[in-house]
Each structure stands twice: as C-alpha cells, then as structure tokens.
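All chains are named by letter (A, B, ...) in the order of the sequence lines, taking the proteins before the strands, and each is independently numbered beginning at 1. From a predicted model like this one, the values you see are computed outputs, not experimental measurements.
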Amino acid sequence: MKSEFEQMVMEEASLKTRRRFLLGAAGGAGAALGGFGFSLSGIAAAADMGTKASTPVPNDYRAMVCFFLFGGNDAANTIIPYDQTTYNQYIVAREGSLSRPLGITRLRPDLLPISAASINDGRQLAFPKEMSSLKRLYDKGKAAVMTNVGVLAQPTSKAQYNTDGFELPPQLFSHSDHQRFWQLGVPNYTTRTGWAGRMGDLLAAGNNSNVSMCISVAGNNTWQVGGTVLPYPINSEYGAPQFWSSWNTNRMTAMNAMNLQTRTNLLEKQAARVYNRAINAQIDMDEALNYSLTLEGFFPKNPVGFNPGLNGDYNDVMQQFQMVARLIAAREVLGHKRQIFFVSLGGFDNHDSLAEHPDRLKIISDAMASFYQATVALGVDQNVTTFTASDFGRPLKSNGTGADHGWGAHHFVVGGSVRGGNVYGKFPQMIINGPDALDNQGHLLPSTSVDEYAATLASWFGVSQTDIPTVIPNIGRFAKPDLGFMNGIKPYPQGHSTCVSNKPCKPIGKT
Amino acid sequence: MTHTQAWRFSLPVKASALLLPLFLLQACTSQTEDGPSASKAQDAAAIQAEIAEKSLADPTPEEASRFLMQTTFGPKESEITALDNSSMDAWLTAQFAMPRQSHYDYVWNLRTQGVDIDNFSNIYTIESFWKQAVTGQDQLRQRTTWALSQIFVIGEEDNVRNAAYYDLLAENAFGNYRTLLEKVTLSPAMGQWLSMIGNQKEDIATGRLPDENYAREVMQLFSIGLWQLNADGSRKLDANNQPIPTYTQDDIRGMAKVLTGWSYANCNPVQESWYCIDSARNGYYRIYDNIDNPAPLPLDKTQVYRDVTKQMTAMAAYHSTSEKKIVGGVILPAGRTAEQDLKDALDTLFNHPNVGPFIGRQLIQRLVKSNPSPAYIGRVSAVFANNGQGVRGDLKAVIKAILLDPEARDIAQATTTTSGKLREPVLRLSHYLRAFTVPDGATPRYDINPWWMEEVFAQRPLSSASVFNFYSPGYTPPGEMGANGLVGPEFQIYHESTLVDSHNFIEYWLTTDPSLEAGNIPSFKHNYVAYTALASNPTALVDKLSLIMTSNTLSPEARTSMITAVTNVPAGTNQARDRFRMAVMLFEISPDYLIQK
C-alpha cells in the first residue's frame with residue numbers, strides 16, 4: 001500500500017492532466033486515490049477499520065437498489081387476501097360491509113393467487129392483476145414479499161402501544177419524518193448518516209473509482225449519506241450532472257484554469273480539488289456510459305392502453321432503472337465492486353385517488369421485472385438485489401376514496417439471490433381493532449422492523465455480523481437480524497476474516 | 001498585485017505613527033503563547049487600544065468590502081461606498097440600534113390574504129427569511145441570527161413554529177446568552193423538535209425514565225460541548241494526555257429530570273393531560289379558530305397560534321421532585337419546582353467555563369473564518385466572560401469582539417495559507433441577489449423554491465434535517481486540510497454534485513427574470529447597469545467586480561483567466577449582458593471567491 005504522501009502526489013498529477021487515473025487491474029483493494037467519496041482519509045479510515053471493523057474488503061461484485069415509493073404505499077391494496085374468509089374480512093375492513101358500498105376493494109376474479117410456504121393456517125394471498133409481471137418472478141422464486149414491516153423504536157405489542165410512556169418512533173404518520181427514518185435506519189433526529197452510507201463506509205475499500213459507490217437517479221437523499229461515502233445524484237437520461245455552460249469552451253477553459261492554477265491557501269486548494277473531482281467523475285461517468293450498452297430493449301416505454309396521465313411516470317421509472325442497469329453493466333470501467341443505487345416513484349399519498357393506485361402498482365411491477373431481466377442478461381442477477389421502501393402503509397379502513405396515513409406495510413425484494421416465492425414476516429389479520437390493528441381506523445402495527453429488513457439486506461451485501469450494529473444501531477433490540485429472505489449471507493465468525501486488503505478472499509468453507 | 005492594504009486613518013499623524021509599533025507588537029504576541037503575565041496584560045491592553053482605534057478609523061474600500069462580507073448577507077456597492085466614508089464603529093452602532101422585522105408577522109399577513117400557511121410546511125417562513133436577508137436593513141442582526149440558527153438548530157416544522165422560533169433568535173441575538181438559552185429551552189418549537197414538551201417525571205412503578213433528548217443536546221450543542229476546553233478553545237488534557245468529557249451519562253439523566261413537566265402555556269394538565277402530554281409530543285396544537293372554516297378577520301393574531309408561539313409553562317404534577325445530579329457535580333435538592341430546577345440548571349451551564357470558547361469559536365466560524373487561532377478564540381472567550389462592565393454572556397460585546405479583532409480585520413492575517421471559510425451556498429445566492437438585483441415593487445415575495453434549494457445547496461434555511469445543522473463545526477475535508485489539522489465545516493455539503501448543481505442554480509437566477517415566473521408574483525429585478533457599462537473594457541469590469549466579490553484579493557492568474565474569457569465573449573446584441581454574466585459566473589466558481597477571506 002502506497003504511503004499517503006505518494007498517493008497525494010499521484011492525485012495531484014492526476015488532477016493536473018485530468019486524465020482518469022488508471023488503476024491496476026489486480027489487487028483490487030485499498031489503492032483508490034482521492035476519488036469521490038473515497039478520499040485519502042477514506043483509505044486511512046478503511047485501513048483503520050480493517051483492524052477494528054471486521055467487514056472484509058469485497059472481492060466479489062454486489063449491487064443493492066432501493067426503490068423508494070414516496071407518499072406511503074397502500075399495502076392493503078397491494079397484497080390482497082384471496083381465500084374467501086380472509087377476502088371477506090378485507091372487504092369489511094376497508095369498506096364497512098360485504099356489499100362493497102365504496103367500491104374500492106378488488107374483485108376476486110382480478111386477483112392472482114400465490115402460494116407461500118410460510119402461511120399454513122389456510123389463508124392465501126394474491127397479487128393484483130396489474131402486477132402480473134412481478135407475480136411471474138414471485139412464482140419463479142426470484143421475488144419475495146416482506147409483510148407488515150415498519151419503523152419501530154423497539155418491539156411493540158398492541159398493549160405496549162397503548163401504554164403511557166412506551167417508547168415509540170417520533171411523529172408517527174408524518175411523511176417527512178418517516179421517509180427519513182426509513183433512510184436513516186434509526187428513528188431519531190440525532191443521526192446524520194443513512195444506512196446505505198454506513199454500508200458504503202465499511203465497503204469502500206473495494207472500489208477504485210472517481211465515482212461514488214452510492215449513485216442516485218432520484219436526487220439527493222439521506223439513505224446514501226455516509227461518513228465518507230456520499231450520494232452522487234445523476235440524471236437518469238444523460239448521467240453525471242453537467243454545468244449548463246459545459247458547451248461554452250471559452251467559459252470552461254477559464255473555469256478549469258482557475259481550478260488548476262497553483263494556490264497556497266489550503267481552503268482554496270480544497271475547493272479546487274472538489275471541482276476537479278467533479279470533472280473527473282463526469283469524465284468517468286460519461287466514458288462508462290459511452291462504453292456501456294444502452295439496454296433500451298429491456299426497458300420498454302409507453303405501454304399500450306396504459307393510463308395516459310401516468311404514462312410520464314411509467315417512462316420515468318423505466319428510465320431510472322435503465323440507467324442503473326447501464327451503470328451495473330459498466331461497473332468494471334467505473335472500478336466498482338460495490339454499487340448502491342437509489343430510485344424512486346411518488347404519488348402514493350392516496351388519501352383519495354385510490355382508483356389510480358393500480359396504475360402505480362403496474363409501474364412498480366413492470367419496472368422491477370424489467371430490471372431483473374436486464375440483470376439476467378448481464379449475468380449478474382444473483383449479484384443484484386432490489387427492494388422497495390415507503391414512508392408507511394395505510395390503514396385498513398378507507399376514508400371513502402382512499403386511505404389516510406398508516407404504519408405497517410408490505411414490500412417486495414427482487415433478485416437472483418432472493419429466497420423468493422414466499423412471504424416473510426407475519427401477515428396481519430384484516431380486522432379493524434383486531435390483534436394487529438391499533439384502532440378504529442385499522443392502522444397496522446408493524447410486526448417486523450425496518451431495522452431487521454435492512455440488516456438482512458446489509459448482511460447479504462457483505463457487512464459482517466459484528467458490523468451490523470454499526471449499520472443498524474438499534475438491531476440489538478430486535479429478534480431477527482436475518483429475516484431469511486436472502487441466499488448467500490455469509491456469517492463471518494467474529495474477528496476472523498479470510499480477506500485482507502491485498503490478498504484474494506478465500507471463500508468460507510471451501511478449499 | 002496585491003494584497004497591500006494601506007490603513008487610512010483620520011487621526012493625527014502622531015497617533016497613527018504610534019499605532020504601527022503596537023500592531024507589530026500584537027502580531028508577535030499572537031505567534032507565541034509564552035511571556036510573563038505582565039507583558040501579556042500589556043499586550044491585551046495594546047490589542048484593545050488598537051481595536052478601538054481601528055474601529056473608529058475610515059476604512060479603505062477593500063476593508064469595507066471585507067467587513068461587510070462578515071456582517072451582511074453579501075456586500076453591495078452602495079454599502080461599500082457608504083462604509084468607506086464612515087467607520088466600522090459607527091456602522092456597528094447604527095446596526096445594533098436598528099429595529100427588526102417579524103417573520104411571524106410576515107406569515108400571518110399572508111394568512112390574512114388567504115394564503116394557506118397551515119398546510120405548506122415552512123415555505124412561507126423561508127420566503128420571509130430570504131426577503132429579510134436580501135432587503136433587510138438590519139443586516140448584522142440578520143447575519144447573527146442566521147449564525148445562531150445553525151447552533152441552536154431546529155429543522156422543518158411548520159410556518160408558525162419556524163417563524164416564531166426564528167423571531168426568538170433574532171430578538172435575543174444582541175442580548176444576553178443566558179436569556180437566549182432559557183428562551184430557546186422554553187420555546188414550544190424547540191420542545192417539539194427535541195421532545196422536551198410534555199416530558200414527564202420518572203415513574204418508579206414502571207421504571208420509565210424521563211426523555212433525555214433535550215438534556216443531552218442542550219449540553220452537547222447549545223452550551224458546553226463534549227470536552228472540557230481552555231479559554232483558547234483547546235481541549236484540556238488529563239494526566240494521561242486524554243481529553244476530559246464535560247458530562248457523563250448520569251449527568252444527562254439528572255438533567256433529563258430537571259427538564260420535566262413543561263408544556264403549552266395554554267394547556268390544562270388537570271382537565272386535558274392528553275393534550276399537554278401525548279398530543280403535544282406528537283406535534284399537535286390548537287388553533288384558536290377552525291382552520292377549515294377560517295373565522296372572519298381581523299383576529300387577534302397573538303391568540304390564534306398562542307400554544308406554539310408562547311413560552312412553555314410548568315405543570316407541577318409532572319415535574320420530577322427527586323434529587324438531581326447534573327453536570328460538574330452540581331446536585332439540585334429534592335422537592336423543588338420546575339422553575340427553580342430549570343433556573344439552577346441553566347445557570348450551571350451558563351457559568352461553565354466552556355461556554356465562551358465553545359459558542360465563541362462557532363460564531364467566529366459562521367462570520368469570519370473556519371480556523372481561528374487559539375489566541376483569537378481566547379480574546380473572544382474573555383469578552384464572553386466579562387464584557388468590560390462585569391457582565392457575562394453579553395452577545396453584543398462578543399459579536400463586536402469577533403468582528404473587530406485584528407485576526408478578522410487585518411488583511412495580512414486573512415491571506416495566510418490557513419485562513420478563510422468556504423462560503424455557504426445560501427450566502428452565495430443572497431450575495432448575488434443583494435449586489436445585482438433590486439426588489440420589484442413595494443411588496444416583493446422572495447419565492448425561491450425551497451425544495452430545489454434543498455437539492456442543489458443541501459442547505460435549506462430553517463430546515464436542517466437533524467439537530468446537527470447542515471454541517472459540523474469540526475468537519476475535516478479529507479486530504480491536505482486534514483493533514484494540516486484544518487476544519488472546513490461548509491465542505492461537508494460541497495461535493496461533486498452540489499458543486500455543479502449550486503453553480504447552475506445561481507446561473508438560473510442570473511439568467512431568469514423572476515417577474516415573468518411564478519404567476520407574476522412580484523419578486524426582484526436585475527440591476528447591474530454599472531457593470532454592463534464597463535463591458536467594452538473587460539479589465540475594468542473584472543476589477544470592479546473584484547471589489548464586491550473578493551474585496552480585491554483576486555489572484556493574478558484567475559484575474560487573467562477571467563479577463564481573457566470576458567474578452568472572448570463575441571460581439572452581438574447582448575454582448576454587454578453576456579460579458580457581465582460570464583464574469584460573475586467565473587467569480588462564482590473561482591476558489592478566490594468561494595473561499596471568503
């Protein structure tokens with residue numbers, strides 16, 4: 001490993017010539033230089049962490065994609081009970097009576113029933129028909145359903161919820177707060193980093209790149225903010241953020257010159273360094289996209305017969321996933337062994353307009369299924385996992401045309417390493433004021449925490465078991481840090497690692 | 001070129017000749033910490049004398065520009081000229097006396113015009129913030145309040161709470177720190193943000209303990225910080241050369257018990273404990289009238305939102321009466337009222353020797369530079385401890401000490417390798433608006449899209465995502481600054497995407513006529529005729545901009561790059577306008593401008 005001084009000299013050389021610094025193909029770890037989000041002190045941090053943190057430097061490839069549904073997806077309209085008894089309960093809970101006076105529940109013939117080994121009490125669940133593409137993946141074992149998951153401060157029973165002074169997450173039912181808590185991975189206002197950023201900090205040593213491990217095609221977010229690793233928001237069509245004046249050579253010449261000239265003030269030098277990193281990241285991102293496949297055929301837009309009012313959203317989400325797939329295809333050009341992506345769709349705050357909700361579900365289904373197919377074609381389907389997240393679910397009881405803010409919700413996990421074709425967690429009873437619903441409105445009390453959901457994903461992503469509490473600080477309060485929906489989680493024995501910074505990893509248990 | 005500054009004194013020559021040696025004496029003193037205390041006292045007196053003299057002196061245009069960069073939301077030409085013909089002391093005196101405008105009144109006014117201020121987050125408060133920052137006369141109070149809002153942080157709540165809280169900071173910005181600390185503590189907006197409102201005493205039967213959230217942050221962030229400090233801001237070390245924490249977890253628990261039993265002034269804990277406790281803790285508050293059917297106006301605006309605008313009051317039944325051990329080994333006896341416990345606890349924090357250096361250093365960072373010398377911090381701490389008339393915590397004196405200190409005023413000290421601060425994105429935009437635009441009409445609205453601001457600046461006023469502000473006072477950008485032990489808080493939000501996006505965002509405002517946007521709400525108009533008049537002489541244009549943008553500290557190479565680029569803007573209908581835009585945007589990306597010195 002080069003000394004910090006040598007690395008600094010090389011970084012200065014790289015900046016002066018503005019060439020992308022070509023890194024040796026071998027010895028993948030630890031030699032990254034001054035790249036975005038992985039800087040010199042990132043090296044120090046990674047080396048330091050090597051003795052304190054046990055997460056091994058990755059030498060395989062994995063990508064994680066968070067598909068955030070802003071507004072609070074109505075989970076009760078997403079996974080529907082199918083067996084007659086539970087189906088009837090669902091209708092009564094939502095509409096008040098079996099005669100369906102509001103007309104907002106699904107008709108049974110419009111449902112696609114699924115089998116789930118975890119449910120053995122005679123109940124059966126179904127996908128709605130507009131999610132047929134995702135249901136096909138479920139049937140093939142590539143998609144799983146995570147039920148009744150939500151933000152919790154600690155395991156919470158209904159009795160405890162009603163106990164004065166029992167610690168609950170702050171600001172229940174508030175959009176901004178619960179969007180944030182999902183992304184922070186802990187429900188408080190005193191955490192600055194998100195759980196993807198914290199994963200990134202632990203795994204940064206595996207990447208050699210000017211481009212951050214954390215890329216967003218849906219804008220800035222908290223999820224990807226780490227101590228060192230930061231989100232790099234890019235445009236889903238053309239990639240890296242560009243100066244509006246980038247076409248103006250006269251202007252760019254001056255801008256570049258001012259940021260390359262010799263300076264003595266250390267803060268000015270840092271400002272110039274950030275500028276040059278931005279330029280380098282742009283160059284690298286542009287090169288990666290030029291080199292990469294367009295994958296246009298995997299992400300068809302403008303579906304025939306679709307709601308014209310949501311056609312733009314359909315195309316936009318397809319475009320986001322397409323850009324993610326292209327960057328996965330270009331991972332070696334980018335120098336990435338780990339990639340974390342943030343994708344989103346809004347419009348889920350269905351206080352009313354629940355009639356439009358199935359169209360949004362179709363977007364989710366088609367986009368996730370198309371993306372999965374692209375990863376198959378790229379040969380990395382087992383290395384990429386996509387999961388949905390949302391502020392909260394919505395209560396069982398409708399307000400007439402929609403439902404208000406809720407809590408527990410169902411989510412999807414998709415990928416070649418998912419133990420799919422099954423339902424995880426405890427599917428709630430569809431009964432207002434029943435054991436799983438809190439009150440007359442039927443707010444669902446989550447039976448699984450975001451902490452456990454995220455910890456399961458983080459473990460698959462390569463965070464060691466002893467480092468999970470660094471990523472998910474409250475995980476010790478909950479029963480199941482591994483919910484079981486992922487294959488390929490390697491529980492590393494404490495203090496033991498077969499991977500060191502410059503030697504290839506030995507797979508656990510293999511010779 | 002040229003960092004040469006000639007001090008122009010309007011004093012008799014003999015006095016100014018005296019000043020030079022005193023100044024040199026001060027410069028030597030600041031580099032060494034040794035020396036007998038007698039000569040230290042003499043040096044301190046000499047520094048005080050020098051400060052007094054300089055503040056009465058007639059500043060050069062460069063000095064005026066620099067001073068205004070530290071004390072306003074961005075210098076503009078007319079203000080530089082005015083100060084050039086006056087003195088800093090006169091300017092400060094006038095500023096301290098200037099009346100302030102209420103943000104709460106602004107959002108209330110919008111409400112009377114039918115704007116729905118109850119359902120749109122805090123966007124109208126942010127509008128009021130921009131309007132005052134750009135057009136307000138009381139710039140020093142504006143800047144100080146903005147600095148305080150980054151220490152006593154609350155984030156996005158709603159228009160009413162954010163406006164009332166920001167007014168509270170502004171009202172106390174030039175008062176006493178002890179008063180400010182108490183008012184912040186009893187603000188319902190803060191009570192909501194850090195869950196002190198409705199905090200109940202311990203319950204032995206269930207084992208429930210009081211909420212520790214505010215107890216921790218009032219110490220960690222609002223008063224004494226994590227580590228014991230010397231007056232010069234350095235950490236005290238124990239016998240093993242380790243820093244010494246200021247408080248323990250037990251102290252937090254004790255403080256949490258102190259901070260029990262407070263809720264809305266207008267709630268009745270006997271008849272409606274649910275409102276005083278659970279609802280308050282969930283952020284609900286009563287509005288006097290039914291917001292779905294607003295009562296006819298006018299209404300007494302002090303009544304409508306009184307629960308979230310009036311200071312919290314104590315509910316005896318919910319206050320812990322056990323003995324409370326708090327910071328520094330102080331033990332508050334059992335059986336006392338919430339008010340008594342609060343007073344003693346806040347007095348204890350106020351009198352802790354940490355406060356001067358802890359708060360003082362951060363104020364220096366917000367106004368002047370990221371890495372003040374220990375001597376500078378020490379001088380400011382001394383003024384916090386005693387304003388010269390035996391009063392501790394005099395914020396007006398502290399602000400004045402920060403601004404008039406030689407390390408802030410002397411341009412030679414400001415152009416070392418470690419001086420300066422990265423301009424906050426909000427201050428870059430406010431500077432542009434102040435320097436190159438004028439309000440459009442009598443009631444302009446500064447409707448600057450807050451969501452966009454959050455995205456491209458990572459700094460949306462009054463909306464920090466956490467209690468730790470947009471950036472940490474101790475943030476060290478990785479690399480050379482870290483290797484040299486330098487901090488750069490604002491670098492925490494300045495990276496590959498915000499750099500590009502914020503640059504584009506300012507270019508958007510530069511090239512947009514807002515009166516044509518946003519449904520023709522009157523806003524601002526561009527006004528840079530004095531600059532386009534020089535467009536045929538690119539050197540003159542760049543040099544004129546240099547005074548406003550960098551107080552003439554522009555490096556020769558950057559200056560040349562700019563002049564070349566401006567010259568290369570081709571002839572055409574809009575050449576003058578385009579040359580101006582080219583010059584301004586080049587300043588906006590130059591490290592010379594980005595680092596305020």
Problem - Reported CG-to-CG distance for the pair Asn259(A) and Leu594(B), which is rounded to 0.5 angstrom - result: 8.0 Å
Practice task
Calculate, to the nearest 0.5 Å, the distance between atoms CG and CZ belonging to Asn568(B) and Arg251(A) respectively.
Solution key: 14.0 Å
Problem - Heavy-atom check, side chain of Met562(B) versus side chain of Met258(A), under 4.5 Å - result: yes
Practice task
Might you point out which heavy atoms bring Pro241(A) and Asp501(B) nearest each other, and give the distance in Å?
Solution key: CB-OD1, 3.8 Å
Handout entry: For chain A, the option from Glu217(B), Gln492(B), Lys421(B), Glu156(B) that forms the most heavy-atom pairs under 4.5 Å
Key = Gln492(B)
Practice task
Would you mind checking which part of Asn504(B) comes under 4.5 Å of any heavy atom in chain A, side chain (CB onward), backbone (N, CA, C, O), both or neither?
Solution key: both
Fill in the blank from the handout: Whatever's closer than 4.5 Å to a heavy atom in chain A on Leu586(B) counts as both
Fill in the blank from the handout: Heavy-atom nearest pair, Val500(B) first then Ala278(A), reads CG2-CB, 4.2 Å
Practice task
Starting at CD of Glu496(B), measure out to CG of Asn276(A) and round the result to the nearest 0.5 Å.
Solution key: 10.5 Å
Exercise for the section: Measure the shortest side-chain to side-chain distance between Lys597(B) and Asn265(A) over non-hydrogen atoms and say whether it is less than 4.5 angstrom. Expected result: yes
Problem - Under 4.5 Å from any heavy atom of chain A - which part of Asn213(B) - result: side chain
Practice task
Let me know if Tyr471(B) has heavy atoms under 4.5 Å from chain A in its side chain, its backbone, both or neither.
Solution key: backbone
Exercise for the section: Counting only heavy atoms closer than 4.5 Å, note whether Val456(B) contacts chain A via side chain, backbone, both or neither. Expected result: neither
Fill in the blank from the handout: Turns out that what part of Asn469(B) lies under 4.5 Å from chain A's heavy atoms comes down to backbone
Practice task
Supply the atom-to-atom distance Phe166(A) CZ to Arg208(B) CZ, rounded to the nearest 0.5 angstrom.
Solution key: 13.0 Å
Problem - Heavy-atom contact with chain B under 4.5 Å, split by part of Arg180(A) - result: side chain
Exercise for the section: For chain A, find which of Leu499(B), Val467(B), Asp203(B) contributes the most heavy-atom pairs closer than 4.5 angstrom. Expected result: Leu499(B)
Completion exercise
chain A shares the most heavy-atom pairs under 4.5 Å, among Gly420(B), Ser121(B), Ser419(B), Ser370(B), with Ser419(B)
Problem - Which atoms of Pro170(A) approach chain B - backbone, side chain, both or neither, heavy atom under 4.5 Å - result: neither
Exercise for the section: Find out whether Gln270(A) and Ile595(B) are in side-chain contact, i.e. whether some heavy atom of one side chain is under 4.5 Å from a heavy atom of the other. Expected result: no
Exercise for the section: Would you name the heavy atoms of Arg192(A) and Phe470(B) that are closest together and state the gap between them? Expected result: NH1-O, 3.3 Å
Exercise for the section: Go through the atoms of Asp278(B) and report whether side chain, backbone, both or neither lie under 4.5 Å from a heavy atom of chain A. Expected result: side chain
Practice task
May I ask you to test the Lys269(A)-Glu480(B) pair for a side-chain heavy-atom distance under 4.5 Å?
Solution key: yes
Practice task
Work out which heavy atom in Ser497(B) is nearest to a heavy atom in Tyr232(A); give both atom names and the distance.
Solution key: CB-CD1, 4.1 Å
Handout entry: Side-chain heavy atoms of Ser555(B) within contact of Arg263(A), under 4.5 Å
Key = yes
Problem - Interatomic spacing from NE2 in His503(B) to CH2 in Trp244(A) - rounded to 0.5 Å - result: 10.0 Å
Practice task
Answer with side chain, backbone, both or neither: which region of Thr253(A) has an atom nearer than 4.5 Å to a non-hydrogen atom of chain B?
Solution key: neither
Exercise for the section: Measure Thr191(A) against the heavy atoms of chain B and call it side chain, backbone, both or neither at under 4.5 Å. Expected result: backbone
Problem - Interface moiety of Gln242(A) toward chain B, non-hydrogen atoms closer than 4.5 Å - result: backbone
Exercise for the section: Output the option from Leu422(B), Thr416(B), Asp592(B) having the highest count of non-hydrogen pairs under 4.5 Å with chain A. Expected result: Asp592(B)
Practice task
Over all heavy atoms of both residues, which pair between Leu267(A) and Phe491(B) is shortest? Give the atoms and the distance, please.
Solution key: O-CZ, 3.5 Å
Handout entry: Shortest non-hydrogen contact from Glu455(B) toward Gly219(A)
Key = OE2-CA, 3.0 Å
Handout entry: Proximity breakdown for Ser472(B) and chain A, heavy-atom pairs closer than 4.5 Å
Key = both
Practice task
Answer yes or no: is there a side-chain heavy-atom contact under 4.5 Å between Met582(B) and Asn248(A)?
Solution key: yes
Handout entry: Segment of Asn484(B) engaging chain A (4.5 angstrom heavy-atom cut-off)
Key = side chain
Handout entry: Beyond-backbone contact of Thr417(B) with Thr264(A), side-chain heavy atoms, under 4.5 angstrom
Key = yes
Handout entry: Pairwise side-chain contact, Met255(A) with Ser561(B), heavy-atom cut-off 4.5 Å (strictly under)
Key = no
